[in-house]
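Worksheet: one structure, shown below.
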Amino acid sequence: MKVGQSKQQIDTPALVIDRQKLMTNLNFMQDFANKQGKQLRPHAKTHKCTQLAKLQKQTGAIGICATKVGEAEVLVTKGITGVLLTSPVVTPQKIQRLVQLVQKESGIMVVVDQAENAQALSQASLQAGTTLKVLVDIDPGVHRTGTSYANALTLGKLLHELPGLSLQGLQCYAGNLQHIHDFNDRKTASSLAMQKASDVLAQFKKENLPCTILTGTGTGTYDIDSQVDLVTEIQPGSYTVMDQEYANIQWQNLQAFNPFQPAMTLLTTVISANHESHVTVDAGLKSLYIDQTPPRIISHPHLSYDWGGFGDEHGKITSDGTGTLPKVGEVLELIVPHCDPTINLFDQFYITEGDTITDIWPIDLRGKSQ
């Protein structure tokens, strides 16, 4: 495919981003953060694309979040500064890669949730002649990573004392709360988690620990967590392109896809139509991450997608009876259930304005799982 061609000519399966909707989402989140007096450090684990990360920085983001060292390496190579690794880095191989990355970009930060890891990072940083910026990672109840609220101060003191490390602040990300359907329930749970983290930050300040950052939140709680006074920055990811999981939750005004638009869609083609009950498309498990939430077909609202046991390469399309099944060769456009793992299945985004392809962006963080 080439720039200037019609969107309808894109070979499928393919991911398409509507540039106008994307920019609307980027600008809205940045404007929101500015008005709230918060910094925006959005998460690249969603889009996995340095071109999109550069747009976020150009729009005003203070930096970019990543989960894996491999993601951070690509971001830094492409000139992205202010990268925060939001998951602990513990193996000797990754620690060495991390300190080597700090030699290239001193603004790199990483979270820590245990004393042994802190010691290893300190030793590696000293040996490399670098100073590694670190944040205490707090577990808000996910029980995935992070130390407890109660133990955070002790860990913070250790990080401040260890040579080769520079304590910057705290991270508290409640990923388990992002998709609570009811807005008020989500608000209650997330406000409690971030307020407890804010109380920890106050303890750090009382002990004269250098702690200027309290970062966290996601697309589902960005507006909630920003109301907590001591939160300094937010790190949402899915707001850029959106997906059906987020479309299904209640927003503050109880409107789906508000205020963010479904900027990314997946195109898939009907390749077989030999049955009255259904047709088969070319997007299966290798193109569309399976989830409890089904995708939503927006080009043909009367159609539904089902994995239907069709396997890796194929999907099953049925009709609700209010319209006919599509014919062989017909292209369907749908909103994916979960954007992050679906994006990780593709090599590129087709960027469109109206019906025209205006650019092609590599998904260059794809597969960077180490």
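Hydrogens, waters and symmetry mates are skipped; everything else that's a heavy atom, side chains included, is used. Residues: numbered from 1 along the sequence shown. For clarity, every value in this text was computed on a predicted model and none was experimentally measured.
Ionic pairing of E313 and K286 is present here: one or more N-O contacts between side-chain nitrogen and carboxylate oxygen are shorter than 4.0 angstrom. Taking 4.0 Å as the cut-off between side-chain N and carboxylate O, K78 and D364 count as a salt-bridged pair. Ion pairing between a basic and an acidic side chain is recognised when a charged N comes within 4.0 Å of a carboxylate O; E71 and K368 show no such pairing. Ion pairing of D139 with R144 is absent here, as no side-chain N (NZ or NE/NH1/NH2) approaches a carboxylate O to less than 4.0 Å. Checked for salt-bridge contact, D347 and R366 meet the test: a charged N lies under 4.0 Å from a carboxylate O. E333 and K7 are joined by a salt bridge, as a carboxylate oxygen and a charged side-chain nitrogen come within less than 4.0 angstrom of each other.
For the pair L98 and L121, the minimum side-chain heavy-atom distance is below 4.5 Å. When side chains are defined from C-beta on, F349 does not count as touching V16, because their heavy atoms never get closer than 4.5 Å. Contact of the D359 side chain with the Y350 side chain is not registered, since no non-hydrogen atoms from C-beta on lie closer than 4.5 Å. Considering only heavy atoms from C-beta on, Y289 comes within 4.5 Å of D291 through its side chain. Using a 4.5 Å heavy-atom cutoff, the side chains of V69 and V110 are not in contact. Taking 4.5 Å as the limit, every side-chain heavy atom of T188 sits out of range of all side-chain heavy atoms of L192. Looking at P362 and Q348, their side chains never come closer than 4.5 Å, going by heavy atoms from C-beta outward. By the 4.5 Å heavy-atom criterion applied to side chains, K2 and I357 are not counted as neighbours.
Atom NZ of K21 sits about 14.5 Å away from atom CG of L26, to the nearest 0.5 Å. For the atom pair CG (L201) and NZ (K205), the distance works out to 5.0 Å, reported to the nearest 0.5 Å. Rounding to the nearest 0.5 angstrom, the gap separating the CD1 atom in I298 from the CG atom in L303 is 12.5 Å. From S287, atom OG reaches atom CG of L345 across 7.0 Å, with rounding to the nearest 0.5 Å. Between the CZ atom of R19 and the CE atom of M23 there is a distance of 6.0 Å, given to the nearest 0.5 Å.
Residues S299 and L332 come closest through the heavy atom pair OG-CA, 3.4 Å. Here the closest heavy-atom approach between residue S272 and residue N274 is recorded as OG-ND2, 3.5 Å. Minimum heavy-atom separation, W361 to C49: CB-SG, 3.9 Å. In plain terms, the two heavy atoms of G367 and N344 that are nearest each other are N-OD1, 2.9 Å. Closest heavy-atom contact between P163 and L126: CG-CD1, 3.6 Å. The minimum heavy-atom distance between G141 and N176, with the atom names listed, is O-ND2, 4.1 Å.
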- Task: Verify side chain to side chain contact (heavy atoms under 4.5 Å, CB included) between L334 and L267, making sure each step is shown before the conclusion.
- Result: CA-CA 7 Å; L334 54 85; L267 302 182; over 6 Å; no

- Query: Q5 and T356: side chain to side chain contact (heavy atoms under 4.5 Å, CB included), yes or no, with the steps?
  - Reply: CA-CA 6 Å; Q5 289 184 307; T356 303; over 6 Å; no

- Would you check, one step at a time, whether the test side chain to side chain contact (heavy atoms under 4.5 Å, CB included) holds for T293 with N248? CA-CA 9 Å; T293 301; N248 290 343; 3.5 Å; yes

- Message: I'd like to know whether F260 forms a ring pair (Phe, Tyr, Trp, His ring centres under 6.0 Å) with Y222, so could you lay out the CA-CA distance, the side-chain angles of the two residues, the decisive distance to 0.1 Å, and finally the verdict.
- Response: CA-CA 12 Å; F260 305 109; Y222 78 96; 5.5 Å; yes

- Query: When you look at H300 and Y305, which way does the ring pair (Phe, Tyr, Trp, His ring centres under 6.0 Å) test go after all the steps?
  - Reply: CA-CA 11 Å; H300 302 67; Y305 180 100; over 10 Å; no

- Message: What verdict does the side chain to side chain contact (heavy atoms under 4.5 Å, CB included) test give for Y149 and C172, after you've listed the backbone C-alpha separation in whole Å, the side-chain angles of each residue and the deciding distance to 0.1 Å?
- Response: CA-CA 10 Å; Y149 293 105; C172 185; 3.9 Å; yes

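In this structure, a donor-acceptor pair under 3.5 Å is absent between the side chains of S238 and T219. For the residue pair T81 / K57, a side-chain donor-acceptor distance below 3.5 Å is found, with atom types taken as modelled. A donor and an acceptor atom, one from each side chain of D18 and T352, are nowhere located under 3.5 Å apart. T145 and D137 share a donor-acceptor pair across their side chains, judged by distance under 3.5 Å alone. A donor atom on one side chain and an acceptor atom on the other are found under 3.5 Å apart for Q178 and T221. No side-chain N or O of N25 forms a donor-acceptor pair with one of T240 less than 3.5 Å apart. For the residue pair Y246 / Q244, no side-chain donor-acceptor distance below 3.5 Å is found, with atom types taken as modelled. Of the N and O atoms on the side chains of T215 and Q235, at least one donor lies less than 3.5 Å from an acceptor on the other residue. When only modelled atom types and interatomic distance are considered, N151 and S148 share a side-chain donor-acceptor pair under 3.5 Å. In this model, no donor atom of one side chain and acceptor atom of the other lie less than 3.5 Å apart for Q123 and S125. If you check the side chains of D225 and S190, you find a donor sitting under 3.5 Å from an acceptor.
Side chain of E330 to backbone of K327: a donor-acceptor contact under 3.5 angstrom is found. A donor-acceptor pair under 3.5 Å links the side-chain atoms of T232 to the main chain of L214, judged by distance alone. In this structure a side-chain-to-backbone donor-acceptor pair under 3.5 Å is missing from H338 to D243. Judged by distance alone, with hydrogens and angles left aside, the side-chain atoms of D282 form a donor-acceptor pair with the main-chain N or O of T269 at under 3.5 Å. With hydrogens and angles disregarded, no donor-acceptor distance shorter than 3.5 Å links the side chain of D306 to the backbone of I317. Side chain of E105 to main chain of V102: no donor-acceptor pair is present (N/O by atom type, distance under 3.5 Å, no hydrogens or angles). Proximity of a side-chain donor or acceptor of S198 to a complementary backbone N or O of M194 within less than 3.5 Å is not detected. In this structure a side-chain-to-backbone donor-acceptor pair under 3.5 Å is missing from R186 to L177. Formation of a donor-acceptor pair under 3.5 Å by the T130 side chain with backbone atoms of L132 is not found in this model.
When each of H43, K45, Q171, K68 is checked for a side-chain hydrogen bond (donor to acceptor under 3.5 Å, both in side chains) with T86, only H43 meets the rule.
Surrounding CD of Q103 are more than 12 heavy atoms belonging to other residues, nucleotides or ligands, all under 6.0 Å away. The local environment of CG in D229 is sparse, with at most 12 non-hydrogen atoms from other residues, nucleotides or ligands closer than 6.0 Å. For CD of Q20, the number of neighbouring non-hydrogen atoms (other residues, nucleotides, ligands) closer than 6.0 Å is 12 at most. In K187, the NZ atom is not crowded: 12 or fewer heavy atoms of neighbouring residues, nucleotides or ligands sit closer than 6.0 Å.
When the side chains of ILVMFWY residues are joined at heavy-atom separations under 4.5 Å, either directly or via intervening members, I234 and I213 end up in two distinct hydrophobic clusters. Note on V134 and I138: same hydrophobic cluster, where clusters join Ile, Leu, Val, Met, Phe, Trp and Tyr whose side-chain heavy atoms are under 4.5 Å apart, directly or indirectly.
Residue pairs satisfying the salt bridge (charged side-chain N to carboxylate O under 4.0 Å, His left out) criterion with at least one member in residues 153-167, sequence neighbours excluded, are listed as follows: K157-E207.
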